[in-house]
Amino acid sequence: MPISWHCGEPRLAVAANPQLLIPNPSSNPMRWSQTLIPTMKETPEGAEIPSHVLMLRAGLVGQVMAGAYTYLPLGLRALRKAEAIVREEMDAAGAVELLMPALTPIGLWERTGRVEAFGDVLIQFAVRRANRKVQMALGPTHEEVVTDLVAKHIASYRQMPITLYQIQTKFRNEERPRFGVLRTSEFLMKDAYSFDTSVEALGRSYEKMYAAYCRIFDRCGLSCLPVEAESGPIGGDVSHEFMVPAENGEDMVVHCSACGYAANLERAEVGAQGDERPNVAPEPVRKVDTPGASTIEQVSRFLGCRPQDMIKTLIYAADGRALAVLIRGDHEANEAKIRRAAGVQKLALAEPAMIEHVTGAPVGFAGPVGLRVKIPVWADRAIQFMANAVTGANQADAHLTGVNLDRDFQVAGLADVRNACDGDPCPRCSSKLAMRHSIEVGHVFKLGTKYSEALAARFLDENEQLHPIIMGCYGIGINRILASLIETSYDQNGILWPVALAPYEVILVPVNVMEPQTREVAERTHDALAAAGIDVLLDDRDQRAGVKFKDADLVGFPLRVVIGERGLKQGKLEVKWRWEEKSQMIDLDGAVEQLAAMVREERATGSRFNARKKA
Ligand code: ATP
Ligand code: MG
């Protein structure tokens with residue numbers, strides 16, 4: 001279809017092309033002047049991290065309010081590409097796509113107890129229908145809706161295994177929406193749900209999703225680490241998070257580079273090797289005054305001792321009853337581990353009234369020696385390797401020194417109940433653990449029967465026996481794929497996209513659009529590349545070449561083709577991969593075939609992009 005060069009008319013011609021109405025990003029040729037790419041030179045106010053800054057500066061997204069963004073044409077193209085990769089891999093893994101509504105009846109959430117579990121995160125509201133008030137929630141996830149659906153339509157073992165998925169907008173009233181599209185109140189999620197008749201079959205469904213996730217993130221150019229995770233309020237007992245190590249990630253991953261052990265901070269075990277009790281003479285217990293000093297930091301300053309020589313005594317309400325937990329002063333307690341070790345369901349730091357009742361002292365002076373009320377005391381394993389420790393005295397403004405386990409206090413049990421730290425021994429081998437900030441892009445859970453029981457999703461087995469269906473659930477944040485890619489792939493000039501996600505694969509930059517031959521070659525190359533199925537954008541703006549190069553680098557199109565008078569005189573075009581230093585001259589004759597072949601090869605392998613990561 002002929003489109004004239006000038007900026008004014010071609011809009012009509014574009015709108016008349018029915019192909020352009022189909023949202024298939026891989027077949028939309030485009031001219032810069034006809035789309036909307038509002039690039040910015042300056043760092044926008046309020047944007048702190050690279051992905052946020054670059055997505056705004058490159059004109060990919062625009063903020064509407066905290067936690068809600070418009071995807072501008074280029075951003076939307078990248079988002080659609082990520083979505084397409086996820087969809088292809090879900091389909092290839094045998095999952096079946098459907099679409100559930102974002103609007104859901106509150107009754108479903110009440111049946112599973114998740115109105116309370118989600119609290120303020122669940123966006124709910126009442127609407128009036130005729131004379132009735134109807135309470136609704138915007139789905140933050142869809143376990144309830146899909147399980148209710150399956151309860152209605154699946155009744156026999158013959159209908160399973162089945163995995164259903166959708167790509168749908170989710171709503172979560174995040175307390176602190178921040179970091180651009182990394183954490184928003186409205187985001188696009190791929191959520192899949194597997195339904196099986198046995199735990200073994202669930203294992204197979206889980207493995208398939210896990211493998212599909214590895215392929216998805218690999219195709220998206222993300223270096224992703226699957227880590228063991230706590231399953232949290234969703235329930236079930238096995239879960240993995242897919243983490244992209246990145247400086248600005250909000251999650252902490254614990255990783256052993258020697259054996260590959262990887263877990264999130266909540267889950268990570270601490271190895272037992274190496275520690276021993278220091279060989280020092282036990283001192284007598286002494287009470288010392290510590291007026292106004294109640295925190296580890298204050299007491300360590302006041303008494304001139306190191307935090308690792310102090311014992312923190314935390315009083316918890318564990319299933320409603322008091323429980324003391326002892327942690328070395330420089331360590332952090334891990335509530336998931338405490339819950340498992342002490343065999344309790346509900347755990348929260350005790351209210352001041354309970355603490356005062358148990359210790360006989362105000363908050364901040366608890367210790368294991370001389371508790372007023374006898375309660376179970378659990379200690380982290382590190383406590384057994386401490387000698388002459390400093391603890392609270394269960395008395396206002398006082399601490400004890402010279403405290404030793406067994407001689408001065410006993411514990412109900414020693415267990416790993418703290419967070420791992422950098423340099424701790426690996427639980428699987430003898431190496432050291434390292435901590436890395438990471439972004440969670442995906443999550444897979446073995447749910448078990450929590451939802452099928454609550455929502456009566458049952459099946460009849462071969463012997464006509466009724467059982468709850470065994471479920472798994474699997475989420476990927478589509479927007480987070482983009483944000484975490486950019487967060488780990490940029491330079492001082494802008495974004496470095498892999499071909500798989502780039503808004504356009506090729507940018508054509510005519511140096512001087514007013515020069516007739518340049519224009520003619522640019523037009524022809526653009527049309528021919530588009531016809532060859534390459535995503536190509538022609539920067540047809542009558543701007544200085546420098547401005548156009550800067551914008552091309554900022555947005556980060558993988559392959560830049562410069563069409564200049566000087567090159568054309570020698571029958572050449574200048575070609576450069578965004579993430580490589582050197583450009584090369586290629587013959588104008590056969591250029592389209594050569595460019596298309598370069599792009600296709602990179603599409604298939606991503607090898608040039610990945611080589612940049614190693615460089
Ligand atoms: P987070 O711990 O970051 O809040 P989550 O564990 O609550 O996330 P899941 O319920 O596991 O999230 O959701 C599946 C995926 O959806 C996540 O792995 C993440 O990629 C994405 N996601 C979750 N919350 C958001 C959000 N607020 N904005 C963008 N993406 C999100
Ligand atoms: Mg998660």
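Start at 1 and go down the list; that is how both ligands and their atoms are numbered. Worth saying up front: this structure is predicted, and the values here are computed from it rather than measured. The chain is numbered in sequence order, starting from 1.
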Which of these, Phe187, Phe445, Phe242, has its nearest heavy atom closest to atom 31 (C) of ligand 1? Phe187
Which of these, Glu241, Arg178, Met189, has its nearest heavy atom closest to atom 13 (O) of ligand 1?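 Of the listed residues, Met189 has the closest heavy atom.
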Examine [X] against ligand 1 and note whether any of their N/O atoms are separated by less than 3.5 Å.
| X | answer |
| --- | --- |
| Val181 | no |
| Gly477 | yes |
| Asp251 | no |

Please work out, at 4.0 Å between heavy atoms, whether the side chain, the backbone, both, or neither of [X] comes within that distance of ligand 1.
| X | result |
| --- | --- |
| Glu174 | side chain |
| Glu440 | both |
| Thr184 | both |
| Glu250 | neither |

Of His142, Glu97, Lys190, the residue whose pairing with Gln166 passes side-chain hydrogen bond (donor to acceptor under 3.5 Å, both in side chains):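 Answer to the side-chain hydrogen bond (donor to acceptor under 3.5 Å, both in side chains) test with Gln166 among His142, Glu97, Lys190: His142.
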Is it true that [X] lies under 4.0 Å from ligand 1, counting heavy atoms only?
| X | answer |
| --- | --- |
| Asn479 | no |
| Ile481 | no |
| Thr141 | no |

To the nearest 10 degrees, could you say what angle the Mg ion (ligand 2) makes with ND1 of His443 and OE2 of Glu440?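 ND1 of His443 and OE2 of Glu440 make an angle of 100° at the Mg ion (ligand 2), to the nearest 10°.
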Measuring centre to centre across the rings, with the benzene-like ring taken for any Trp, is Tyr210 within less than 6.0 Å of Phe242?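 Ring centroids of Tyr210 and Phe242 are less than 6.0 Å from each other.
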If you count heavy atoms of other groups shown closer than 6.0 angstrom to CD of Gln159, is the number above 12? yes
Does CD in Glu250 sit with more than 12 non-hydrogen atoms of other residues, nucleotides or ligands closer than 6.0 Å?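 Yes, enclosed.
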